[in-house]
Amino acid sequence: MAMARKSAASALAGAGKRMMSAKSGWWTHVEPAPRDPILGVTENFLKDSHPSKMNVGVGAYRNNEGKPVVLECVRKAEAKIAGSDLMEYLPMGGNVKFNDLSVQLAYGENAECLESKRVASIQALSGTGACRLLAEFQKRFQPDSQILIPVPTWANHHNIWKDAHVKAQTYRYYDPKTKGLDFSGLVEDIKNAPSGSFVLLHACAHNPTGVDPTAEQWREISAVMKKKEHFAFFDMAYQGFASGDCEKDAQAIRIFMEDGHQIGCAQSFAKNMGLYGQRIGCLSIITDDQTQAATVKTQLQLICRPMYSNPPVHGALIVQTILSNPELKQLWLQEVKGMADRIISMRHALRENLEKAGSQLSWQHITNQIGMFCYSGMTPEQVDRLTNEYHVYMTRNGRISMAGVTTKNVEYLANAIHEVTK
Amino acid sequence: MQECCLYGILEVKVTHNCSLVLAAKAKLYSGEAARTSEESVTGSMSPKPMARQFCTKMEGVHNRRLACLARHLCLDENPHAGLSSIVFSPTSAGNSSFAHVKQAPEDPILGVTVAYNKDPSPMKVNLGVGAYRTEEGKPLVLNVVRKAEEQLLADKSRNKEYLPITGIAQFNKLSAELILGSDSPAIAQKRVVTSQCLSGTGSLRVGGEFISHHYAGPKIIYVPAPTWGNHLKIFPLAGLETRTYRYYNPKTRGLDYQGMIEDLRAAPSGAVVLLHACAHNPTGVDPTRDEWEGIRDVIRNEKQLLPFFDSAYQGFASGSLDTDAWAVRRFVNDGGETFIAQSYAKNMGLYGERVGALSIVVTDPAVAVRVESQLKLVIRPMYSNPPAYGAAIAATILSNKALFEEWKVELKAMAERIISMRHQLFDALAARKTPGNWTHILDQIGMFTFSGLNKQQVEYMTREYHIYMTLDGRISMAGLSSRTVPQLADAIHSAVTKFSS
C-alpha cells in the first residue's frame with residue numbers, strides 16, 4: 001500500500017475541491033506506455049503539414065491517388081444488405097456461413113478436410129483476434145508448449161502470445177546480408193526447438209520483410225516440422241493480396257495439408273477485402289474428425305465469451321455476401337488482383353527510380369520481395385533522416401508500405417532514399 | 001488395408017541394422033474398431049530403398065493421405081535425416097494435438113437460445129437471452145438506427161480504415177457524456193479516459209485486464225450474488241481474484257442491504273467492487289437512493305474500494321437516461337476514481353454489432369493521459385482496434401439532436417412495454433390465483449424478472465410449455481408479449497402447483 005499512499009499525497013496536492021473524496025490516486029504510478037511503433041507513425045504523419053509528406057507506415061492499401069479504397073464489391077454487398085440486418089447477437093462462434101466460406105477460401109473448396117467436416121472454424125476479430133484466440137487455446141490445452149516466432153515479425157505477434165502467457169522463442173528468418181530468407185538458420189532453429197512446439201508461419205507476403213520461402217523450401221520446412229511433431233500455425237493476412245491469385249498465395253498451406261499436417265490458420269479480410277475497421281477474420285484448426293472439430297469449437301467459444309461474448313455482425317455479413325455470390329466474388333477477385341498488381345508495379349517503379357537516381361546499392365530485393373511491405377535495409381538513423389528531412393513516414397525498422405507509393409510520389413521517395421543511403 | 005479408411009498412422013522404424021518394420025493402423029472413418037495390419041519387411045538395405053519398396057506397396061491403397069505420407073518418405077532427401085528412427089508426426093495421422101480436448105458445456109444463457117432454436121414447436125417462447133422483442137415477438141431495429149445506417153451508407157466519403165486503438169473519438173466523448181452527464185465536472189477537468197470496446201463484455205474484460213496489470217491495490221473484485229454469469233468468467237480470466245458480496249434476499253425477493261454493507265466492510269481496503277448501475281441482472285432488484293448513499297459511504301469513506309459500474313441498461317430500466325445514470329453520477333461526482341462499462345446492445349438495439357465503452361475516471365488529467373496510453377497496450381494484443389460499424393451508428397445518433405430526441409422516445413416506448421408486460425403477467429397470475437406472492441414482478445426493474453422459480457420448475461415449463469429461460473428462474477420480460485403472457489402464466493401456475501418452490 002506504500003505506493004498508493006505516496007501517490008495519494010501527490011494526488012491530493014493537485015486535487016482541487018472534492019466533496020466526499022475517495023482514497024486518491026490508485027493510478028498515479030502508471031507509467032506512460034511506449035507509442036505503438038506502427039500506429040504511432042500515422043499519428044505523426046497526420047500532424048505534419050508539409051506538402052510532400054508521405055505515409056508509407058501502416059499497411060493499409062492506398063490507390064494511385066494515395067486515397068483509401070472501399071472496394072466496389074464491398075459497396076455492392078453493403079447496398080444489398082442495407083436495411084435487412086436485424087443486428088441480433090451472433091452465436092459465440094460467429095456467422096456460420098461466413099466461417100464456411102472463409103475456410104473454403106483458405107483450404108480450397110474441395111479440400112478433404114472440409115468434406116469430412118474436420119475443420120473447427122470460428123469468426124474472429126480480424127487477424128489479431130484469430131491469433132489471440134489460438135494463443136489462449138494453446139495456453140489452455142498445450143500449456144507446456146511454446147510458440148516459435150520468426151525474426152523479424154509483425155510486432156504485435158509478441159504482445160499477443162505474451163498476454164496469453166505462452167512462452168515464446170524465436171527462429172531465424174530474415175538474412176540482412178542477402179535481404180532474403182535465412183533458410184538454413186530457419187531449419188536449424190525449428191529442428192532445435194523442443195518437439196511439439198507451435199510454429200508461427202506467415203502464409204505469404206511475410207510482414208515486415210516481404211520475403212517468402214519458395215515452394216521447395218516450404219516442402220522442406222514441412223518435412224522438418226513433421227519429424228519434430230510441431231504444430232503449424234499460419235497467419236494469413238494477405239491471401240490474394242500478395243501475388244493477385246488466392247490459390248497461389250495459399251500454396252504453403254496446401255503443401256502442409258498434403259503432407260498431413262493438421263494446421264491452424266488465422267485469416268484476415270482487412271487487407272484483401274479492404275475491411276480493416278470491420279475486424280473480420282477467421283480462426284480455423286484442422287482436427288481428426290467431425291466430432292473433434294465440434295468439440296474444439298466449443299472450447300474456442302469458451303474463450304470468446306469472457307472476452308467479447310460474440311463477434312460483430314456487419315463485417316461477416318459483407319464477406320458472406322461477396323463470397324457466396326458468384327458475380328460479386330468474381331468482382332472481388334478482379335479487384336484484389338488490381339491492388340496486388342498496382343503494388344507490384346510500384347515495386348518496379350521504385351527500384352527503377354533508385355537506379356535512375358544513380359544509387360550504387362543493390363535494390364533487387366524491392367522486386368524480389370512480395371506483398372505490401374518492402375524491407376528496405378535502411379537503418380533507424382537513415383529512417384529518421386527520411387522522416388525529419390524528407391517528411392517520409394515509416395517504421396524505424398526500414399519497412400516501407402508499398403501501398404503508400406504512387407506514380408506521383410515514387411520518384412520523390414526514390415530520391416529521398418537515395419539521399420540518405422548514398 | 002481397408003480401402004475406405006481415411007486415416008492411418010504410419011510408423012516407419014529404420015533400426016540400426018536397417019530392418020524396416022512397418023506397422024500401419026487404419027481407423028475407419030465411421031468409427032468402427034481399428035483394424036491393424038502389420039507388415040514387416042526386413043533386410044539389409046539402406047533406408048532409402050526400403051522406403052521405396054514401401055511406396056510400391058502403398059500404391060495399391062486408395063488412401064490419399066497414407067499415400068502422401070509414403071511419398072513424403074520417399075522424397076526425403078534431407079541429409080540430416082540420418083536418424084535411427086523416423087516416426088511421423090502424430091498430427092499427420094489422426095492424432096491431433098488437441099485430441100484430449102473435452103466438449104465444453106453449453107453457455108447457460110446463450111445455450112437457452114440454442115435449445116430454443118432446436119425446438120420445432122410453434123408454441124415455443126424464448127425468454128432466455130436479454131434481447132428485446134416487439135409485441136409481435138419480433139426483434140426490433142430502432143428507427144433512429146435505420147436512419148443512421150442510411151446516412152452512413154449514403155456518405156460516400158466514408159472509408160473502412162482502421163479505427164484508432166481506443167475507437168471513434170466522437171463516440172467516446174458522447175458516451176462519457178451520456179453516462180456522466182454533459183455537465184460532469186470529471187469530464188470538464190479532463191479526468192475521464194474513454195475507450196470504445198466490444199459492448200459490455202469487452203469493456204468489462206479490458207477494464208479487468210487493465211486493473212490486473214496496473215492496479216496498486218489488491219487484485220480482487222467483488223461481484224454481487226447473484227450476478228450475470230459471464231462476470232464470473234470475465235474477471236478471473238482478466239487476472240482478478242473474484243469474490244462475492246451478498247445482494248439478493250430470496251425471502252424478500254429484494255435487496256439484502258445489511259448483508260451487502262457487511263460484506264463490503266469485510267473486504268480488504270482498495271478491493272474492486274462491481275456494481276450494476278441499474279436494472280440488476282438477473283434479479284431486477286436495485287438499491288434505493290438512500291441505500292446507494294449508504295453503499296457509497298462505505299466504498300468511498302470507510303474502505304476506499306474501487307467501484308466498477310456495469311451499465312447495460314441506461315434508459316431501458318426507468319425509461320429515462322438521466323434517472324438510470326443517477327447512481328453512477330453520484331459516485332463520480334464525489335471526486336473518487338471509478339470504472340464504468342457501458343453497453344449499447346439493449347438501449348440502442350445494437351446487440352450484434354458489439355458497441356460499448358469503457359470509461360476510467362481518475363484523480364487528475366496527467367494520470368488520465370498515462371492511463372490511456374497503457375489501456376492501448378491491453379487492447380492491441382487482444383484485437384488491435386474495435387469494429388467500426390456499430391459505433392459509427394451510435395455516434396451518429398448521439399451527435400444529432402433530432403435523432404437523439406427520437407431515440408429517447410423509442411427507448412421510453414421499449415421500457416414502457418416491458419413495464420406493461422410486468423403488469424400483465426402479475427394480473428394473469430392473480431387471475432389464476434396462482435399460489436405465492438408475485439409482487440416482485442412489479443417491484444423489480446429492467447429487462448428481467450427473477451421469478452423465484454427453481455430448476456425443477458423451469459425444466460418442467462420448458463418440457464411441457466416450451467418456455468425457454470435460464471435455470472436460475474430468470475425471465476426476460478422483453479421476450480414476452482400480450483399473446484404469450486397467458487401461456488407463461490399457465491406454465492408458472494402449473495409448475496408451482498406441481499412442484500414445491
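Per chain, numbering begins at 1; letters A, B, ... match sequence-line order. What you are looking at is a predicted structure, and each value in this text was computed from that prediction instead of being measured.
Closest approach of A:M87 to B:G349, counting heavy atoms only: CB-O, 4.0 Å. Minimum heavy-atom separation, A:V74 to B:K160: CG1-CE, 3.7 Å. Counting all heavy atoms, side chain and backbone alike, A:T298 lies closest to B:Q103 at CG2-NE2, 3.3 Å. B:R370 and A:P32 get closest at one heavy-atom pair: CD-CD, 3.5 Å. Summarising the geometry of A:A33 relative to B:S373, their closest heavy-atom pair is N-OG, 2.8 Å, with the distance given to 0.1 Å. Closest heavy-atom contact between A:P312 and B:L198: CD-CD2, 4.4 Å.
Side-chain contact between A:R279 and B:S384 is present, with heavy atoms from C-beta onward closer than 4.5 Å. For the pair A:Q278/B:P387, no side-chain contact is recorded, criterion being any heavy-atom separation below 4.5 Å from C-beta on. At a threshold of 4.5 Å between non-hydrogen side-chain atoms, the residues B:I109 and A:R305 count as touching. Residues A:N156 and B:P381 form a side-chain contact, since some pair of their non-hydrogen atoms from C-beta on lies under 4.5 Å apart.
Most heavy-atom pairs under 4.5 Å with chain B: of the set A:G83, A:S195, A:A60, A:A124, this distinction falls to A:G83. In terms of non-hydrogen atom pairs under 4.5 Å with chain B, the most contact-rich of A:I280, A:V296, A:I303, A:L125 is A:L125. When each of A:K162, A:H158, A:R75 is checked for heavy-atom pairs under 4.5 Å with chain B, A:R75 comes out on top. Chain A forms more heavy-atom pairs under 4.5 Å with one residue of B:S199, B:A131, B:G390, B:P386 than with any other, namely B:P386. With respect to chain A, the highest number of heavy-atom pairs below 4.5 Å among B:E209, B:E106, B:Q374, B:K376 belongs to B:Q374.
Proximity to chain A (any heavy atom under 4.5 Å) is shown, for B:P185, by neither the backbone nor the side chain. In this structure, no portion of A:A130 lies under 4.5 Å from any heavy atom of chain B. Contact annotation for B:I379: neither backbone nor side-chain heavy atoms come within less than 4.5 Å of a heavy atom of chain A. Contact of B:E372 with chain A is not made at all, since no heavy-atom distance falls under 4.5 Å. If you measure heavy-atom distances from B:K156 to chain A, the contacts under 4.5 Å come from both the backbone and the side chain. Neither the backbone nor the side chain of B:H231 comes within contact range of chain A, judged by heavy atoms closer than 4.5 Å. In this structure, the portion of A:I285 lying under 4.5 Å from any heavy atom of chain B is its side chain and not its backbone. Contact annotation for B:E149: only side-chain heavy atoms (C-beta onward) come within less than 4.5 Å of a heavy atom of chain A. Heavy atoms of B:L237 lying under 4.5 Å from chain A belong exclusively to its side chain. Interface remark: A:K139 contributes no atoms to any contact with chain B (heavy atom separation under 4.5 Å). Residue contact with chain B, scored on non-hydrogen atoms closer than 4.5 Å, involves the side chain of A:E43 exclusively. Residue B:H100 touches chain A through its side chain alone, counting heavy-atom pairs closer than 4.5 Å. The contact between B:N385 and chain A is made by backbone and side chain atoms together, counting heavy-atom distances below 4.5 Å. Heavy-atom distances place both the backbone and the side chain of B:L377 under 4.5 Å from chain A. Of the two parts of B:V206, neither the backbone nor the side chain holds a non-hydrogen atom closer than 4.5 Å to a non-hydrogen atom of chain A. Neither the backbone nor the side chain of A:S268 comes within less than 4.5 Å of any heavy atom in chain B. For chain A, the nearby parts of B:V101 are the backbone and the side chain; heavy atoms of each come within less than 4.5 Å. Looking at B:L306, only its side chain comes within 4.5 Å of chain A, counting heavy atoms on both sides. Heavy atoms closer than 4.5 Å to chain A are found nowhere in B:L204, neither backbone nor side chain. Contact annotation for A:P311: only backbone heavy atoms (N, CA, C, O) come within less than 4.5 Å of a heavy atom of chain B.
Interatomic distance, A:I160 CD1 to B:Y383 OH, rounded to the nearest 0.5 Å: 13.0 Å. With rounding to the nearest 0.5 Å, the separation of CG in A:D163 from CE in B:M382 is 7.5 Å. Separating the OH atom in B:Y389 from the CG atom in A:L317 is a distance of 9.0 Å, to the nearest 0.5 Å. Here the straight-line distance linking atom CZ of B:R380 with atom OG1 of A:T128 works out to 6.0 Å at 0.5 Å rounding.
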Applying salt bridge (charged side-chain N to carboxylate O under 4.0 Å, His left out), run through A:E88 and B:R133 and close with a yes or a no. CA-CA 11 Å; A:E88 292 281 287; B:R133 292 287 176 269; 2.7 Å; yes
Before you tell me yes or no, could you show the steps for B:D107 and A:Q301 under side-chain contact (heavy atoms from CB on, under 4.5 Å), namely the whole-Å CA-CA distance, both residues' side-chain angles and the distance that decides it to 0.1 Å? CA-CA 9 Å; B:D107 183 278; A:Q301 284 168 183; over 6 Å; no
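Distance alone, capped at 3.5 Å, is enough to place a donor-acceptor pair between the B:R354 side chain and the A:N310 backbone.
Salt-bridge formation is not detected for the pair A:K67/B:E161: no Lys NZ or Arg NE/NH1/NH2 atom is positioned less than 4.0 Å from an Asp or Glu carboxylate oxygen.
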